[in-house]
Protein chains: 2
Amino acid sequence: MRIGQFAQRAGVTPRTVRYYESLGLLGPNEREGGGFRYYTEVELARLQKINVLKGLGLSLDEIAVVIPLYFEDSTGLRGKRKVLEILNAHLQETEEKLESLNQFRSDLKTNIDRIQQWIDEHA
Amino acid sequence: MRIGQFAQRAGVTPRTVRYYESLGLLGPNEREGGGFRYYTEVELARLQKINVLKGLGLSLDEIAVVIPLYFEDSTGLRGKRKVLEILNAHLQETEEKLESLNQFRSDLKTNIDRIQQWIDEHA
DNA sequence: TCTATCCTTAACGTAAACGTCAGATTTGAG
DNA sequence: CTCAAATCTGACGTTTACGTTAAGGATAGA
């Protein structure tokens, strides 16, 4: 599959795919024949994973650090320890975000109820 | 309190404060005497709230929509209904984010455990 | 073979959220 | 009163994550 279909199936533009490649998020693949990029389902899964992580608010730089874990086998003990560090930091951040988000949700609900009640009273 | 101390107590820079003012997130306050901005604890609470919302990934534009609810009394039925719409949309987004974030957290834990186990085995 | 469509690189444009000067004015401590 | 420190208003610079031409080469169906 070439870049057009590849990008479309992931819900992004070809430009985005090339940009990610330039950042090292997607590998420089086979360039058969006329210099076109060809992708497989494996690469597609990777791109979709990137989108999920982006949706969680990770920057592309952060994703570049985490994404290899899903698709490559990092080798060496020191590398693993480093990755462990990073992941634990992300875990802590994530849990703090979860807490804030729950608080935010409850604030939202309170406000919604308050306004709804005001509307009901003045209907 | 003037802008320097104000900004510092909120963990931002004076430039950020002026920027927020230009967006309408913080009011154009009293400009006693020589044209300096003077702030109170109330404004500080507002600025801190803005920081929390930012930490949750809301854009300044989105915050501009939500923040008045915490500190001002929006008036009029039509306004209330509109605000209600926006808040409900935010609530839905928030709940989706919560779900994704929980998934992300569980993925992280899985990876951490996997790596930790690998390290233990090869220690 | 022709042509419509897809692909290539290179380079400039954009929006958000500030940072960073420059040059003038105000404040407050000594 | 004096003078360094803080503040003021522009205005241009920066980063992230792409969008958007421009000018050409490759591919596939009629």
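By convention in this document, chain letters (A, B, ...) are assigned in the order of the sequence lines, proteins followed by strands, and residues within each chain are numbered from 1.
- Closest contact between the side chain of B:Tyr20 and the listed nucleotides C:dC18, D:dC8, C:dC6 involves C:dC18.
- Residues B:Asp120 and B:Gln116 have side chains that bring a donor and an acceptor to within less than 3.5 angstrom of each other.
- In this structure, the side chains of B:Arg37 and B:Arg2 stay at 4.5 Å or more apart for every pair of heavy atoms.
- B:Phe6 places its CZ atom 18 Å from the P atom of D:dA6, with the value rounded to the nearest Å.
- Side-chain proximity of A:Tyr19 to D:dC18, C:dG19, D:dG19: nearest is D:dC18.
- Per the geometry, CG belonging to A:Leu60 stands 6 Å off P belonging to D:dC18, to the nearest Å.
- Under the 4.0 Å criterion applied to side-chain N and carboxylate O atoms, B:Arg46 and B:Glu41 are not assigned as salt-bridge partners.
- Within 6.0 Å of CD on A:Glu121 lie more than 12 heavy atoms contributed by other residues, nucleotides or ligands.
- Comparing C:dA16, D:dC8, D:dT27 against the side chain of B:Phe36 picks out D:dC8 as the nearest.
- Using a 4.0 Å cut-off, no side-chain N or O of A:Arg15 falls inside it from OP1 or OP2 of C:dC7.
- For B:Gln8 and D:dT7, the CD to P distance is 10 Å, given to the nearest whole Å.
- Taking atom CD on A:Glu62 and atom P on D:dT16, their separation rounds to 12 Å, with Å as the unit.
- Between A:Ser59 and B:Gly34, the one whose closest nucleotide on DNA chain D sits nearer the 5' end is B:Gly34.
- Between A:Glu62 and A:Lys54 there is no salt bridge, since no side-chain nitrogen of the basic residue lies less than 4.0 Å from a carboxylate oxygen of the acidic one.
- Each of B:Asp61 and B:Gly35 lies near DNA chain C, and the nucleotide nearest B:Asp61 is the one positioned closer to the 5' end.
- Rounded to an integer number of Å, the gap from A:Glu21 CD to C:dC7 P is 14 Å.
- A close approach under 4.0 Å does not occur between any side-chain nitrogen or oxygen of B:Lys54 and OP1 or OP2 of C:dA16.
- When the nucleotides D:dG19, C:dT9, D:dC8 are ranked by their closest atom to the side chain of A:Thr13, D:dG19 comes out on top.
- Look at B:Arg37 and you won't find any side-chain N or O under 4.0 angstrom from OP1 or OP2 of D:dT7.
- Applying the 4.0 Å criterion to OP1 and OP2 of D:dA5, one finds that B:Arg2 has every side-chain N and O outside that range.
- Atoms OH (A:Tyr38) and P (C:dC7) sit 9 Å apart, rounded to a whole Å.
- The distance between atom CE of B:Met1 and atom P of C:dT27, rounded to the nearest whole Å, is 18 Å.
- Counting to the nearest Å, the P atom of D:dT27 and the CD1 atom of A:Ile3 are 15 Å from each other.
- Between A:Thr16 and D:dG19 there is a side-chain N or O to OP1 or OP2 distance below 4.0 Å.
- As judged by a 4.0 angstrom heavy-atom cut-off over every strand, A:Arg18 is placed among the base-contacting residues.
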